[in-house]
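All of these numbers come straight from a predicted model, not from anything done at the bench.
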Amino acid sequence: LFGGGKSIHESPIRAIYKKKEEKTNITINVGVSAPKKLHKLAVNRNLLKRRMREAYRLNNHQLKQTLKDSDIQLNVMFVYTSKQILSYIEIEDKIKVILNRLNARFEERGE
């Protein structure tokens, strides 16, 4: 994923994605990361990951439907890239923008 994937950056969150090579029953696999290099305390890393996971969970329906219709399967990784800890609402807005961009890419041309 990190070696050959494409990325979308909506500061402070970067999404790296790649189409799956082999087909499975799962449309999209998602991971979240908050680097220890930027956030020393595990409490803060876990907080950021929880916020990103929840924002994704509540806003992924359109992307999942588009992928299902296009018969595309994805691996996606969300990486938090800032030292500042944003509120849930700000993180959710960024995740929404990323999901909309991903949706647009696979809706238009099935990339």
Side-chain angles (χ1 to χ4, degrees):
L1 182 64
F2 288 99
K6 298 178 183 178
S7 74
I8 295 174
H9 190 78
E10 182 63 33
S11 186
I13 298 171
R14 190 168 129 212
I16 302 145
Y17 67 96
K18 187 175 181 180
K19 281 187 186 178
K20 288 187 192 178
E21 300 298 325
E22 68 249 5
K23 297 291 183 185
T24 61
N25 294 340
I26 301 166
T27 312
I28 185 167
N29 288 343
V30 175
V32 293
S33 172
K36 191 172 187 178
K37 194 174 198 177
L38 298 176
H39 300 280
K40 301 295 183 203
L41 297 178
V43 173
N44 293 336
R45 290 194 305 275
N46 291 336
L47 173 73
L48 291 168
K49 291 189 291 185
R50 257 194 328 269
R51 287 178 178 175
M52 286 191 288
R53 260 188 237 113
E54 183 66 4
Y56 169 77
R57 185 183 73 81
L58 293 174
N59 298 292
N60 66 10
H61 311 295
Q62 185 65 41
L63 176 61
K64 278 187 171 183
Q65 191 59 50
T66 300
L67 292 174
K68 192 177 280 186
D69 294 345
S70 306
D71 195 34
I72 297 171
Q73 296 182 345
L74 278 185
N75 291 320
V76 180
M77 185 74 172
F78 292 105
V79 181
Y80 195 87
T81 59
S82 171
K83 286 188 175 186
Q84 185 181 10
I85 297 175
L86 295 181
S87 70
Y88 170 75
I89 293 168
E90 292 170 306
I91 289 174
E92 185 180 35
D93 289 341
K94 304 298 182 175
I95 294 281
K96 281 180 185 177
V97 169
I98 290 170
L99 291 175
N100 287 336
R101 284 192 197 165
L102 272 173
N103 192 41
R105 286 192 185 179
F106 291 105
E107 227 172 23
E108 289 170 2
R109 56 183 188 268
E111 198 173 297

Residues that N29 engages under side chain to side chain donor-acceptor pair (under 3.5 Å), provided they are two or more places apart: N75
Please write out which residues are connected to M77 in a hydrophobic cluster, directly or through intermediates, given that two of Ile, Leu, Val, Met, Phe, Trp, Tyr count as joined at side-chain heavy-atom separations below 4.5 angstrom. L1, F2, I16, V79
For the residue pair Q62 and E107, what are the closest heavy atoms and their distance? NE2-OE2, 4.1 Å
Does atom NZ of K23 have more than 12 heavy-atom neighbours from other groups under 6.0 Å away? yes
Run the salt bridge (charged side-chain N to carboxylate O under 4.0 Å, His left out) test against R101 and tell me which residues pass, sequence neighbours left out. E10
Compare every heavy atom of I98 with every heavy atom of A15, then report the nearest pair and how far apart it is. CB-CG2, 3.5 Å
Restricting to side chain to side chain donor-acceptor pair (under 3.5 Å), what partner residues turn up for N44, sequence neighbours left out? none
Members sharing L41's hydrophobic cluster (side chains within less than 4.5 Å): none
Tell me whether N103 contacts the main-chain N or O of L99 through its side chain, where contact means a donor paired with an acceptor under 3.5 Å. no
Under the side chain to side chain donor-acceptor pair (under 3.5 Å) test, which residues partner T27, sequence neighbours left out? none
Under the side chain to side chain donor-acceptor pair (under 3.5 Å) rule, collect the residues that match up with K20, sequence neighbours excluded. T24
Can you list the residues that meet the side chain to side chain contact (heavy atoms under 4.5 Å, CB included) rule with E54, with sequence neighbours excluded? R57, L58, Y88
Can you measure from NE2 (H39) to CD (Q84) and round to the nearest 0.5 angstrom? 9.5 Å
Results of side chain to side chain contact (heavy atoms under 4.5 Å, CB included) for I91 - residues two or more places apart only: I13, L48, R51, M52, Y80, L86, I95
Can you name the one residue among L74, V30, I28 that meets side-chain contact (heavy atoms from CB on, under 4.5 Å) with Y17? L74
Working to the nearest 0.5 Å, report the span between CZ of R14 and OG of S82. 14.0 Å
Note: F106 and S70 closest approach over all heavy atoms is O-OG, 3.8 Å
For the CD atom of Q73 and the NZ atom of K18, what is their distance to the nearest 0.5 Å? 14.5 Å
Sorted by chain and residue number, the side chain to side chain contact (heavy atoms under 4.5 Å, CB included) partners of N60 (sequence neighbours excluded) come out as Y56, K64
If a pair satisfies salt bridge (charged side-chain N to carboxylate O under 4.0 Å, His left out) and one of its residues is in residues 69-93, list it, with sequence neighbours excluded. none
Under the rule for side chain to side chain contact (heavy atoms under 4.5 Å, CB included), what residues qualify as partners of S11, not counting sequence neighbours? H9
